[in-house]
Amino acid sequence: MNFVEELRWRGILHDIMPGTEELLNKGMAAGYIGFDPTADSLHVGSLAQIMTLIHFQRAGHKPYALVGGATGMVGDPSGKSAERNLLSEEVLQHNLAGIQSQLEKFLDFNSGANSAEMVNNYDWFKDFSFLNFIRDVGKHITVNYMMAKDSVKNRINGDTGMSFTEFTYQLVQGYDFYYLWKHKNCVLQMGGSDQWGNIVTGTELIRRKDAGEAYALTTQLIKKSDGSKFGKTEGGNIWLDPQKTSPYKFYQFWLNTSDADAKTYIRIFTLFDEATINALETEQDAAPHLRTLQKALAKDITIRVHGEAEYEKAIKSSEFLFGNSDIAFLNELSDAEIIGIFEGVPNFTIEKSALTAGINAVDLLAAQTAVFPSKGEAKKMIQGGGVAINKAKIGAAEDVYNIDTLINEKFIIVQKGKRNYFLIIAE
RNA sequence: GGGGGGAUACCAGAGCGGUCAAAUGGGACGGACUGUAAAUCCGUUGCUUCGGCUACGAAGGUUCGAAUCCUUCUCCCCCCA
């Protein structure tokens with residue numbers, strides 16, 4: 001199936017420049033997507049863009065992943081209501097390295113003619129002087145044109161204004177496209193729908209500067225059906241880096257997808273074909289409580305991002321934590337096995353001696369450990385019936401726990417709400 | 001340069017001398033219901049040794065008492081030039 005068709009039936013495609021599809025149907029073409037180095041890891045939001053590149057490569061085209069060493073220094077105003085803080089160069093370098101190593105996991109860098117390639121726009125911007133830039137690039141694009149962009153208009157009409165630096169952003173990104181077009185024969189830039197304006201500045205620059213043809217394609221912004229932002233949980237962003245978001249948490253994130261969203265996500269984030277997805281949906285509709293879609297979705301993505309072994313562990317942990325197994329089950333496990341199950345769960349270490357005299361629930365959870373940031377909050381939530389120790393709800397804030405509470409003389413399991421587990425290790 | 005308006009908790013936004021740790025809405029978190037879903041309903045949403053303490057842009061002042069009045073400063077918005 002051709003690339004554009006693939007994106008279309010998956011519901012990924014948002015906008016496409018006329019002529020793009022014809023061009024891609026003619027044979028192998030090169031295209032790219034830029035990734036912003038605002039953090040040292042990509043998050044699930046970027047995963048959608050990665051999938052686009054994967055589809056692109058699977059359709060026989062050559063994908064470039066661009067990391068924005070230069071654009072990251074400027075800051076994209078698209079979708080932002082306020083001026084962005086600039087990243088320092090060291091932070092940027094660190095972030096670039098992290099992102100680069102993650103991207104390498106998803107694309108095939110060794111598939112002959114259409115091998116993926118990684119580029120960093122810092123390479124062609126670092127020696128590009130300001131004067132040369134305004135003469136070679138700035139000259140071709142009018143301010144009128146730049147002002148017409150939504151990202152600029154919104155900011156100019158808003159309260160916060162916009163610095164010259166951010167105003168320049170679209171030119172900098174536009175030049176990226178020009179550079180890749182010129183030197184790598186890259187004829188297509190892809191990105192989220194918020195990138196349309198920036199991408200088109202690139203095609204425009206190519207047209208005006210060299211009378212060249214280049215194309216644009218954008219993908220749907222991912223939204224949750226309830227309108228809230230995709231990729232966030234109580235704990236913050238969901239990252240691809242296992243140090244930042246444990247594979248268990250990662251798996252849980254996808255498993256907790258709502259029914260409505262699961263149907264769109266399975267098309268966006270997995271490579272299952274249409275028939276497979278339809279079959280999964282039929283199953284889901286017949287027995288929604290089994291959450292067939294969520295499980296398939298979570299499994300596929302977790303394996304692709306963290307590997308089979310981590311997925312197995314996440315499953316094991318999930319089954320224990322959310323299954324019907326009672327606490328006695330843990331007594332039959334070794335310390336190492338218990339730690340394994342709780343691997344992705346936040347843990348705290350306390351002195352065993354803190355328990356010998358007995359300790360009340362609030363002190364245990366807010367003073368000895370940081371399950372709660374303050375005693376007041378711990379107390380409130382205990383009163384609200386939202387906290388459990390060893391799967392038994394804490395009745396009152398004054399309830400006292402001691403050595404006997406320990407499982408295997410070493411562990412205490414804390415639940416905050418239904419889904420948030422903590423492990424306390426007493427040593 | 002002249003004139004006017006504003007800054008309140010995560011956000012929006014009321015309060016304009018005591019009854020204000022601050023209405024209301026949203027968000028977030030928790031509970032019930034369920035399927036670790038959605039919707040709905042309910043609760044919580046500054047810290048605390050539960051005596052208090054710190055808070056309404058910042059610093060001073062008036063007052064028995066200030067988010068509320070006065071002075072200075074910082075920042076933002078609007079109109080005129």
Side-chain angles (χ1 to χ4, degrees), chain A residues 80-83 154-163 223-238 245-266 280-281 283-299 301-302 311 314-326 341-342 344-346 359-368 370-389 391-398 413-422:
Chain A
K80 311 228 166 35
S81 55
E83 181 80 14
N154 293 342
R155 288 282 290 281
I156 288 179
N157 298 333
D159 319 331
T160 51
M162 169 183 225
S163 68
K223 290 187 297 272
K224 291 211 288 192
S225 52
D226 62 4
S228 60
K229 207 174 171 224
F230 168 75
K232 294 249 183 181
T233 61
E234 315 89 84
N237 262 325
I238 299 294
T245 300
S246 69
Y248 159 76
K249 275 251 157 93
F250 187 85
Y251 175 80
Q252 282 289 322
F253 168 77
W254 294 104
L255 191 67
N256 277 305
T257 306
S258 70
D259 290 8
D261 290 330
K263 292 187 179 182
T264 48
Y265 294 176
I266 195 125
L280 286 169
E281 278 181 0
E283 257 186 80
Q284 175 91 333
D285 291 341
H289 61 282
L290 294 179
R291 287 174 298 150
T292 314
L293 279 175
Q294 281 92 334
K295 281 178 188 164
L297 177 70
K299 176 180 177 180
I301 305 178
T302 307
Y311 162 72
I315 284 279
K316 254 175 98 179
S317 304
S318 299
E319 270 169 7
F320 171 73
L321 295 172
F322 294 100
N324 293 322
S325 48
D326 63 85
I341 284 178
F342 285 90
V345 167
I359 183 168
N360 71 56
V362 170
D363 284 332
L364 177 67
L365 301 177
Q368 286 289 326
V371 173
F372 291 98
S374 75
K375 292 189 186 179
E377 197 167 313
K379 208 178 283 179
K380 279 170 202 152
M381 207 170 281
I382 289 170
Q383 275 158 7
V387 193
I389 280 184
K391 294 219 168 186
K393 276 207 172 142
I394 300 176
E398 298 76 32
I413 296 161
V414 182
Q415 265 170 287
K416 178 174 126 190
K418 246 178 299 196
R419 279 178 267 166
N420 302 296
Y421 278 87
F422 301 86

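In what follows, chains are A, B, ... by sequence order, proteins preceding strands, each numbered from 1.
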Whole-Å gap separating P (G46(B)) and NZ (Lys379(A)): 15 Å
On the nucleotide U48(B), are OP1 or OP2 found under 4.0 Å from the side-chain N or O atoms that Ser374(A) carries? yes
Watson-Crick or G-U counterpart of U40(B), or none if no pair lies under 3.5 Å: A32(B)
Nearest-nucleotide pick for Met381(A), side chain only, options being U48(B), G30(B), U36(B): G30(B)
Base, sugar-phosphate, or nothing: which does Lys418(A) touch, judged by heavy atoms less than 4.0 Å apart? base
Just the rounded figure in Å: distance from C1' of A38(B) to CZ of Arg291(A). 13 Å
Whole-Å P distance, A14(B) and U24(B): 15 Å
Paired to C47(B) by Watson-Crick or G-U wobble criteria (both distances under 3.5 Å) is G52(B)
In this structure, how many angstroms lie between the C1' atom of U36(B) and the CH2 atom of Trp254(A), rounded? 17 Å
Name the orientation class of the two ring planes belonging to Trp254(A) and Tyr265(A) (parallel below 30°, tilted from 30 to 60°, perpendicular beyond 60°). perpendicular
So what does Gln252(A) touch, heavy atoms closer than 4.0 Å: a base, only the sugar-phosphate, or nothing? base
So Lys393(A), base contact, sugar-phosphate only, or nothing? Heavy-atom distance under 4.0 Å. sugar-phosphate
Give the rounded distance in Å between these two atoms: OH of Tyr421(A) and P of U36(B). 11 Å
Cationic tip of Lys391(A) above Phe320(A) ring, under 6.0 Å, 45° of axis: yes
Could you work out the separation of C41(B) and G52(B) based on their P atoms and round it to a whole Å? 38 Å
Expressed as a whole number of Å, how far does the P atom of C16(B) sit from that of U54(B)? 26 Å
Strictly below 4.0 Å: does Lys380(A) bring a side-chain N or O up to OP1 or OP2 of C47(B)? yes
Take the protein atom CD of Gln294(A) and the nucleotide atom C1' of U36(B), then report the distance between them rounded to whole Å. 10 Å
Measure from the side chain of Ser318(A), starting at C-beta and using heavy atoms only, and say which of A37(B), C47(B), U36(B) lies closest. U36(B)
Expressed as a whole number of Å, how far does the C1' atom of A67(B) sit from that of C56(B)? 4 Å
Derivation and outcome, salt bridge (Lys or Arg N to Asp or Glu O under 4.0 Å), residues Asp259(A) and Arg291(A): CA-CA 8 Å; Asp259(A) 290 8; Arg291(A) 287 174 298 150; over 6 Å; no
Worked verdict on Lys375(A) versus Asp363(A) for side chain to side chain contact (heavy atoms under 4.5 Å, CB included): CA-CA 7 Å; Lys375(A) 292 189 186 179; Asp363(A) 284 332; 3.2 Å; yes
Less than 6.0 angstrom from the centroid, inside 45 degrees of the normal: does Lys416(A) satisfy that with respect to the ring of Phe422(A)? no
Closest nucleotide among U36(B), C47(B), G35(B) to the Phe322(A) side chain: U36(B)
Could you give me the CA-CA distance, side-chain angles and deciding distance for Phe342(A) and Leu321(A), then say whether side chain to side chain contact (heavy atoms under 4.5 Å, CB included) is met? CA-CA 9 Å; Phe342(A) 285 90; Leu321(A) 295 172; 3.5 Å; yes
Between Asn256(A) and Gly385(A), just flag the one whose closest nucleotide in RNA chain B comes earlier from the 5' side. Gly385(A)
When rounded to the nearest Å, what value does the distance between P atoms of A23(B) and A9(B) take? 13 Å
Is the centre of the Phe322(A) ring less than 6.0 Å from the centre of the Tyr421(A) ring? yes
Would you classify G51(B) as syn or anti? Syn applies when the glycosidic angle is within 90° of 0. syn
Rounded to the Å, how far apart are Phe372(A) CZ and A28(B) C1'? 15 Å
G30(B), U48(B), A37(B): which one has an atom nearest the side-chain heavy atoms of Asp259(A)? A37(B)
With C1' as the reference atom in both, quote the distance from C80(B) to G65(B) in angstrom, rounded to an integer. 43 Å
Pair assignment for C10(B), Watson-Crick or G-U wobble, requiring both distances under 3.5 Å: G26(B)
Looking only at atom C1', what distance separates A38(B) and U48(B), rounded to whole Å? 39 Å
C1' atom, C70(B) versus U63(B): distance in rounded Å? 11 Å
May I have the distance from Lys375(A) (atom NZ) to C47(B) (atom P), rounded to whole angstrom? 13 Å
For U63(B), what is the paired nucleotide under Watson-Crick or G-U wobble rules, both distances under 3.5 Å? none
Rounded interatomic separation in angstrom, taking CZ from Arg419(A) and C1' from U36(B): 6 Å
